[in-house]
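A short worksheet on the structure shown next.
Since the model is a prediction, treat every value here as computed from it, not as a measurement.
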Amino acid sequence: MESKLLEGKIALVTGGGAGIGACDCRKFAEAGAKGILIADLMLEDAEKVAAEIMERWPGCKCVAVKTDVSKEADVDHCFAVLEKEFGTLDILVNNAGVTNKIPFDEMTLDHWNFTYGINITGPFLFAQRALRIMKAKGYGRIINMASIAGHVGGLTSGVDYATTKGAMLTLTRSIAKQGAAYGVTCNSVAPGNIKTAMEKVFGSDWDPMAVPMHRLGEPEDIADVVLFLASDMSRYMTGTCLNVNGGMFMQ
């Protein structure tokens, strides 16, 4: 039987109950993952994805955990469930995130702190705990969800979102340097305009004709790249950002 890219691997995906995160989970299961922990604040959505995966791919155990990624107690609980259900971790995808289009001069400190808590504090907490496990076993893949906004300062998104995604690029490089000698890679993916619930925040602001490829991205366009980074096909890449935006930002 042909070997699959993630055969036998255990993954943890934050924000895996919908959109890109849910697509990541399905791709991982299809690629042979043995287990997936879905950490999502919307538990019902995460449970539906978990049930769907176990029905379509019976060889993949999938567990959903209600998690506010900005709260350390929730993150610790998530890793306690991971230890109980799977005993190890091979892949972490820091996918959970929030956005808005609040003008710069109307941004409140509460808005700012809320976005930073989910978009940066959460990935820090998850990556820190994941790295401890991965260093001990000498293997790991950490994938952080950045954004085109982190490169260009935002398109129509708020300054809080754009700056968290810029910080995500630096967080990725910092984690990569910490993990490199232990067989742990850390890379990021920077999507452009993708058809998800988050995209609906901007309504008609998204114009497919503004994209060189003349279409908005699909969650699968991102999930395929995440799968590549989660697999051993990317084994000599670390600290890198892969831009997946239909040509809107080229580097």
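The side-chain hydrogen bond (donor to acceptor under 3.5 Å, both in side chains) contacts involving residues 36-45 comprise nothing, where partners must be two or more places apart or lie in separate chains. Each side-chain hydrogen bond (donor to acceptor under 3.5 Å, both in side chains) pair with one or both residues in residues 173-192, not counting sequence neighbours, appears once here: T170-R173. Applying the side-chain hydrogen bond (donor to acceptor under 3.5 Å, both in side chains) test to every pair with at least one member in residues 77-87, sequence neighbours left out, gives these pairs: K61-E85.
E72 pairs by the salt bridge (charged side-chain N to carboxylate O under 4.0 Å, His left out) definition with R129, not counting sequence neighbours. Contacts of R215 classified as salt bridge (charged side-chain N to carboxylate O under 4.0 Å, His left out), with partners at least two apart in sequence or in another chain: D221. Under the rule for a salt bridge (charged side-chain N to carboxylate O under 4.0 Å, His left out), D74 has no partner lying at least two apart in sequence or in another chain.
In this structure, F28 CZ and L227 CG are separated by 6.5 Å, a value rounded to the nearest 0.5 Å. Atom NZ in K165 sits 11.0 Å away from atom CG in D160 (nearest 0.5 Å). To the nearest 0.5 angstrom, D24 atom CG is 9.5 Å from I36 atom CD1. Expressed to the nearest 0.5 Å, how far CD1 of I38 lies from CD of E47 amounts to 9.5 Å. Here the CG atom belonging to L242 is positioned 10.5 Å from the CD atom belonging to Q251, to the nearest 0.5 angstrom. To the nearest 0.5 Å, atoms CG (N245) and CG (L216) are separated by 12.0 Å.
Residues D90 and G8 come closest through the heavy atom pair OD2-O, 4.3 Å. The heavy-atom pair separating S70 from T121 by the smallest distance is O-CG2, 4.4 Å. In plain terms, the two heavy atoms of I142 and A127 that are nearest each other are CD1-O, 4.3 Å. V81 and V65 make their closest contact through CG1-CG2, 3.7 Å (heavy atoms, listed as atom of the first residue, atom of the second, distance). Residue P191 comes nearest to M145 through the heavy atom pair CG-SD, 3.6 Å, listed as atom of the first residue, atom of the second, then distance. Closest non-hydrogen pair, G246 versus V211, comes out as O-CG1, 3.6 Å.
A single hydrophobic cluster is seen to contain both V75 and I175, as judged by linkage of ILVMFWY side chains at heavy-atom distances under 4.5 Å, directly or through other members.
The environment of F114 atom CZ is sparse: at most 12 non-hydrogen atoms of other residues, nucleotides or ligands sit within 6.0 angstrom. Other residues, nucleotides and ligands contribute over 12 non-hydrogen atoms within 6.0 Å of the CE atom of M237.
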Verdict with supporting geometry, N243 and H151, side-chain hydrogen bond (donor to acceptor under 3.5 Å, both in side chains): CA-CA 10 Å; N243 300 304; H151 291 297; 2.8 Å; yes
Go through K101 and S157 one step at a time and tell me if the side-chain hydrogen bond (donor to acceptor under 3.5 Å, both in side chains) criterion holds. CA-CA 4 Å; K101 56 177 183 177; S157 57; over 6 Å; no
Begin from the C-alpha positions of K27 and D224 and carry the test salt bridge (charged side-chain N to carboxylate O under 4.0 Å, His left out) through to its verdict. CA-CA 7 Å; K27 289 282 183 181; D224 281 338; 2.7 Å; yes
Decide yes or no on salt bridge (charged side-chain N to carboxylate O under 4.0 Å, His left out) for R26 and E30, but give the supporting numbers first. CA-CA 6 Å; R26 296 184 187 101; E30 185 178 25; over 6 Å; no
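Not a single donor-acceptor pair under 3.5 Å links the side chain of N144 to the backbone N or O of N94. When atom types are taken as modelled, the side chain of T238 and the backbone of C186 share a donor-acceptor pair closer than 3.5 angstrom. Remark: the backbone N or O of A149 is paired with a side-chain donor or acceptor of S147 at under 3.5 angstrom.
Using the six-membered ring where Trp is involved, F126 and F79 have ring planes that are tilted, between 30° and 60° apart.
Residues V49 and C62 are not in side-chain contact: their nearest non-hydrogen atoms beyond the backbone lie 4.5 Å or more apart. Two residues are said to be in side-chain contact when any heavy atoms from C-beta on lie closer than 4.5 Å; M134 and L89 meet this criterion. Contact annotation: the side chain of E220 approaches that of C23 to within less than 4.5 Å [non-hydrogen atoms, C-beta and beyond].
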